[in-house]
Amino acid sequence: MATHLYRIGRWAFRRRRLVGGLWLGALLLALAAAALAPAGEDEDLAMPGTESQQAFDLLDERFPQSNAQGAEARLVFRAPAGQRVTAEANKAAVEEALDTLDKGRQVESATDPYTTGAVSEDGTIAYSTITYTADAVDLTEPTKSALEDAADRARDAGLTVEIGGSALDAEEELGGTTELIGVSVAAVVLVLALGSLVAAGLSLLTAFVGVAIAFGLVSALTVPLGLTSTVAILTLMLGLAVGIDYALFITSRFRDERARGSEPEEAAGRAVGTAGSAVVFAGATVVIALVGLGVVGIPELTKMGLGGAGAVALAVLVALTLVPALFGFFGHRVLSRTVRKAGRRGGTSPVPDTTARAGLGTRWARFVLRRPVAVLMVAGLGLGAVALPALSLELGLPGDESKSVETTQRRAYDLLSEGFGPGFNGPLTVVVDMSKAKDPRSTTDLVTRTVGAVDGVASVGEPVLDRAKDTAVLTAVPRTAPNSAETKDLVHAIRDAVPGVEAATGAAVLVTGTTALNIDISEAMSDALIPYLSVVIGLAVLLLTVVFRSFLVPVKAALGFLLSVGAAFGVLVAVFQWGWAADLIGIEQTGPVMSLMPILIIGIVFGLAMDYEVFLFTRVREAYVHGASPGEAIVHGFRHSGRVVAAAAVIMVSVFAGFIGMNNPTIQTMGVGLAAAVAFDAFVVRMAIAPAVLALLGRRAWWLPRILNRVLPNVDIEGEALNGRVPAPAASAAGPDAAVRRLPVGRD
C-alpha cells in the first residue's frame, strides 16, 4: 500500500494544477447542487419491528388523512393571578386571538378550548391546538408571524401566552459563535504545532474543501434520501475534525522528509506513502464503524452513520491528493521559519530540524519508562473513577422539556404540565385492530376499562373509529412525565394487561405514541449496545493485529478504548443526568442521556482512537524492527509523533466542543461526549497507559504467533517497502538524522 500511495503523492505534486482544478470543480458542483436543492424536513425517529412502530404503520394505513397533516402548534393561555381563563373578558381575549388565526392561508383548523374541554380543572389554564396544511419547514414567515401576533394580542389583554408544538421549530443553523471559537482554537494550535502560517492554513483549507463538498452533497440529497439537519451537522463536525487532523499528519511527515534532505516531490511521495498509509487505515476504521451503525435498525442512525462515513472518506481523499498538490504550490513556505532560515544558510536543502528531538514528547516518554507502574495505576484508576457514573446510565429521547426555559416551547410545556398534569405532554396512544373482532363496540369498551384500570393512568379518552369501524384509537394520559421511569413502567404494564383482552375478543391491541416509541427505541439501543461494542472491539483487535503484527498491542489498544469510552459515558451521565457543570453549557433540565448517543459515540470514537494508536505506535514499531530496544522505540515514537498527535487531539476536542453551544440536545450531547472521549483516549490512554503497558511488556509486546505471521497480509503502514524502491534523501541530510534513519531511536 505504501508504494501505491507514494506514487499517488508524487503524481499529485507534479499534476498539482490538474488536481487543484478537479477539487475546485467538485467544490463548485457540490455547492451549486446544495443551493438548488429543495429544503427538507426533519423526520420523526422510527424503529421498525417494535410494537409502537407497528401501531404507527397501522394508523397510517387506517387513518391516512389524519396522519397526513402538517405542522401543529399549541397556544397555551394562563389567566392573570386570582382570575380564571373562563372569565368573560379572558374568554373574549382568547377567542379574539384564535379568530385571527382562522384567516391564515396555511391554517387548517384551530380548536376552541371552551368547546373541546381544553381547560384545566382550576380554570386557570387553557389551550388551543392549531393544525397547518404544511410542514414546519414549509410554513411561511407570515404564517409564523400570525401565530406570534395572536399570542401577543392575548398578552396585551393581560393573559400569559406561550406557543408549543412544531410550528416554530427551525433547523439548527450553523456558523454560530461557539463553532467559530472551536475552529479558531484549531487554527492557533496548528500554527503553534507547525510553526508556519502557510502550513496551518493549508491544513485548514483542505479540511474546509472536504467539509464543504460533503455538506453540499448532504444538502443536495436531503429530500431524495430523507436526511435531517442532524445528519448535516454530524457531517460538518466529523469532516472538519478528521480533515484537519489528516492534513496535519501528512504535512508533518512532509516537513520531516524535507528536513532530512528529500527533494519536494520526493518528500510529498514519502509523506503520502507513510503517513498517508496510516490515514487510509484510520479513515477506513472510522468508515467501517459508522457504516456498521446500520445494523442497529434505526433509519435515522443509519443515515447519520452514512453521512459521517462519507465525510470521513472525502477527508481521506483530500488528504491523499489535494494536500500533496498544495505542497507543490506553496513550496518551502510549508516548512517552519527556523528550517527555512537554516536551509538558506546551508544550501538548497533544509537541514534536519533537531529541535523536535529534545521536546516534551521525548521527556514524557522517558518519564513513563522510568515509572511505568505509577503512570499506569494513576491513569487507569483515574479513568475508572470517571467512568463510575456510567453505571447509572439511563437512555431516553429529549423533548420540549429539555429546551431552555428562555424558549416559548419550554414554557408552554411547563404550563401544560401545571394545568393538566405532567403526563399530558406525553400521552400514550392505544390502537385497537378489530378486523378480526366479533363485537367492535364491546371490544373498545373492554379495552377502555382495562387500560383505565392500570395503575398510573390518569385518564382514557373516548375511542375514535376509522371509517370501516375496524380500528379504534384511544388516548391514555399517564400521571407522570414522559421521560420518567414510572412512565416507562406504565407502558410495560399496559402491554402486560391487554393479552387477556386480545384472547377474549380476537382484537390486536398496540401501545404507541411518541412517548412509547421513545421508550422502545431506548430499550432497543440498550439491547444493541453490548453486541455492537463487541463487534467494534473484535474489529479493532483484528485490524490492529494486521497493522502492528502483534497480538498484545491490539489487545492493549482495545482495552484502552473501552476505558476512554466508559469515561466519556461517565461524563455524559454526570452532566446530563446529574447536572454537574450543566449551567456552564446551558443545560437547564437534567434527564436521560439521548438514546442514540452511546452507540454513535462508540462508532465514532473507535475510529478516532485507532487514528492516534496508528499514528503514534507505527513509529514505535518502525524503530523496534530496525533494531532499537523496546524502550528506545517508545522514545523514538513520541519524539517524532507525540507532538503531532497531541496537536491533532487538541484540534479535534476544540472542534467537537465548539458544537456544545448549539440549542439542540442531540448536538450538545454529541459534542460533550465526543470531546470527552477524544481527550481521554488521546491524552490518557494513548499518551500514558499505552506506553506504560509497552514498557512493562518489553519485547513480548511485539510477539505474534508464527501461524498468524504467515497468514496475515502485510499492509506496510510504516512504508518499509519505500526504502528499497525509492531514492534515499539527498546527501545534505547526512549527519544527525542519517543515523536516525539507520536506527531511528536516537540516544540523546
Side-chain angles (χ1 to χ4, degrees), residues 1 4-5 8 26 30 206-207 209-211 213-218 221 225 227 230-247 249-250 272 275-296 298-323 532-533 535-547 554 557-558 561 565 596 599-615 618 648 652 655-656 670 674 677-678 681 713 715 717:
M1 180 166 63
H4 295 299
L5 293 177
I8 291 174
T206 54
V209 168
V211 165
I213 294 175
F215 191 77
L217 292 176
V218 168
L221 296 174
L225 300 183
L227 305 181
T230 304
V231 176
I233 294 173
L234 178 63
T235 299
L236 175 63
M237 183 189 300
L238 264 183
L240 191 58
V242 301
I244 295 175
D245 277 8
Y246 293 166
F249 291 133
I250 292 180
V272 176
S277 296
V279 164
V280 170
F281 171 81
T285 58
V286 182
V287 169
I288 291 171
L290 290 174
V291 171
L293 292 171
V295 303
V296 178
I298 297 182
E300 174 65 10
L301 193 61
T302 301
K303 295 171 185 176
M304 293 172 70
L306 292 176
V312 173
L314 270 172
V316 172
L317 292 176
V318 168
L320 297 179
T321 56
L322 184 57
V323 170
Y532 182 72
L533 186 59
V535 171
V536 167
I537 293 297
L539 181 62
V541 172
L542 177 61
L543 292 178
L544 291 180
T545 301
V546 173
V547 171
F561 166 70
V565 168
L596 302 183
I599 283 183
L600 188 61
I601 289 175
I602 287 173
I604 295 174
V605 174
F606 162 68
L608 302 182
M610 297 308 103
D611 283 5
Y612 303 129
E613 182 75 17
V614 170
F615 287 117
T618 49
M652 196 166 288
V655 172
F656 289 150
M670 197 183 305
L674 291 178
V678 170
D681 194 87
V715 295
I717 283 187

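Position 1 is the first residue of the sequence, and the numbers go up from there. Quick caveat: nothing in here was measured; it's all calculated off a predicted structure.
Every side chain to side chain contact (heavy atoms under 4.5 Å, CB included) that V291 has, sequence neighbours left out, goes to V287, L306, A309. For T545, the side chain to side chain contact (heavy atoms under 4.5 Å, CB included) criterion is met by V541, P554, L704, L712, not counting sequence neighbours. Taking F249 as the reference, F615 meet the ring pair (Phe, Tyr, Trp, His ring centres under 6.0 Å) condition, with sequence neighbours excluded. With sequence neighbours left out, I8 forms a side chain to side chain contact (heavy atoms under 4.5 Å, CB included) with L5, T321. Residues passing the side chain to side chain contact (heavy atoms under 4.5 Å, CB included) test with A247, sequence neighbours excluded: S203, T206, V323. Partners of D681 according to the salt bridge (charged side-chain N to carboxylate O under 4.0 Å, His left out) rule, which considers only residues two or more places apart in sequence or in another chain, are R686.
The shortest heavy-atom contact between G305 and L293 is CA-CD1, 3.9 Å. For the residue pair A207 and G243, the shortest heavy atom distance occurs at CB-C, 3.6 Å. A pairwise comparison of heavy atoms in V231 and K303 identifies CG1-O, 3.7 Å as the closest pair. V316 approaches G283 most closely through the heavy-atom pair CG2-CA, 3.9 Å. Smallest separation of non-hydrogen atoms from F656 and V678: CE1-CG2, 3.8 Å. In terms of heavy atoms, V655 sits closest to M237 at CG1-O, 3.8 Å.
Residues I604 and V286 fail the side-chain proximity criterion, which asks for heavy atoms closer than 4.5 Å. Counting heavy atoms from C-beta outward, D245 and M652 have side chains that approach closer than 4.5 Å. Using a 4.5 Å heavy-atom cutoff, the side chains of M670 and I233 are not in contact. Here the side chains of Y246 and V318 are not in contact, with every heavy-atom distance at 4.5 Å or above. Side chains of F606 and L533 form no contact here, defined as non-hydrogen atoms less than 4.5 Å apart.
Atom CG of L314 and atom CG of L238 lie 12.5 Å apart (nearest 0.5 Å). One distance of note links CD1 of I601 with CG of L596; it measures 10.5 Å at 0.5 Å rounding. For the atom pair I537 CD1 and L542 CG, the distance stands at 13.0 Å (nearest 0.5 Å).
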Steps toward side chain to side chain contact (heavy atoms under 4.5 Å, CB included) verdict (V614, L544): CA-CA 8 Å; V614 170; L544 291 180; 4.3 Å; yes

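Within the structure, side chain to side chain donor-acceptor pair (under 3.5 Å) contacts touching residues 304-315 (residues at least two apart or in different chains) do not occur.
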